[in-house]
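Quick notes on the structure that follows.
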Amino acid sequence: MRIHQVILCLALATAPLTLSVAQRPGDEEQQQLDRANTALDRIYQSLLGALSPDEQQALKETERAWVKWRDLEADLSARLSTAGGSARRVAFSEAALKLVQERQQVLQGYLQDAKSR
């Protein structure tokens, strides 16, 4: 019986910790960013399928460079708009989300152009 009491105490003691970690500032923004990146990847994959091999290679190189730029740009934006800590994490995710959404529109335009050829 005593082992069950210990297990119950441990479960109760760690439950609030689990909830507080799941609700950290920036988690919701990160989830939005993850969803936007998933949507961007779907557009990217569709675009790859509509391009010639040379165009595919150019897109891959461009996308690699864009990802590096996106991360640097979002980091700069977050640094300039916040003092740091969890606010910077939120600001980074928000800035990156905006850039990903803009990139979705650009790639969607490329996809439409490629399909109309």
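All values derive from a computational prediction rather than experimental measurement.
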For residues 74-83, which side-chain N or O atoms pair as donor and acceptor with protein atoms under 3.5 Å away, sequence neighbours left out?
residue	atom	partner	partner atom	Å
D75	OD1	R79	NE	3.4
D75	OD2	R79	NE	2.8
S81	OG	S77	O	3.0
S81	OG	A78	O	3.4
T82	OG1	A78	O	2.7

Open item on the list: How long is the straight-line distance from CD of Q108 back to CD of Q112, given to the nearest 0.5 Å?
Closed with: 5.5 Å

Task: A114 to L47 - nearest heavy-atom pair and separation - done: CB-CD1, 4.3 Å

Task: Check: D27/Q31 side-chain N/O donor and acceptor closer than 3.5 Å - done: no

- [ ] Not counting sequence neighbours, which residues clear side chain to side chain contact (heavy atoms under 4.5 Å, CB included) with E102? List them please.
- [x] K98, L99

- [ ] State plainly whether one hydrophobic cluster holds both F92 and W69, where clusters connect Ile, Leu, Val, Met, Phe, Trp and Tyr through side-chain heavy atoms under 4.5 angstrom apart.
- [x] no

Open item on the list: What's the separation between atom CG in L33 and atom OG1 in T38, rounded to the nearest 0.5 Å?
Closed with: 9.5 Å

TODO: Indicate yes or no: at least one non-hydrogen side-chain atom of L111 is less than 4.5 angstrom from one of Y44.
DONE: no

Open item on the list: Are V90 and L97 connected into the same hydrophobic cluster when the rule is that any two of I, L, V, M, F, W, Y join if their side-chain heavy atoms are below 4.5 Å apart?
Closed with: no

Open item on the list: On a heavy-atom basis, which atom in S93 and which in Q30 lie closest, and how many Å separate them?
Closed with: OG-OE1, 3.4 Å

TODO: Could you tell me whether Y110 atom OH has more than 12 heavy atoms of other residues or ligands within 6.0 Å of it?
DONE: no

Task: Side-chain donor or acceptor of Q56 paired with backbone N/O of L51 under 3.5 Å - done: yes

Open item on the list: Can you pull out every salt bridge (Lys or Arg N to Asp or Glu O under 4.0 Å) where at least one residue sits in residues 103-117? Sequence neighbours excluded, please.
Closed with: E55-R117, E63-R103

Open item on the list: For the backbone of I43 and the side chain of Q104, can you confirm whether one donor and one acceptor N or O come within less than 3.5 Å of each other?
Closed with: no

Task: Test item: side-chain donor near acceptor, Q101 and Q105, under 3.5 Å - done: no

TODO: Indicate yes or no: at least one non-hydrogen side-chain atom of R64 is less than 4.5 angstrom from one of E61.
DONE: yes

Open item on the list: For a quick test of reading the model, state the closest non-hydrogen atom pair linking L40 to L107 and the distance between them.
Closed with: CD1-CD1, 3.6 Å

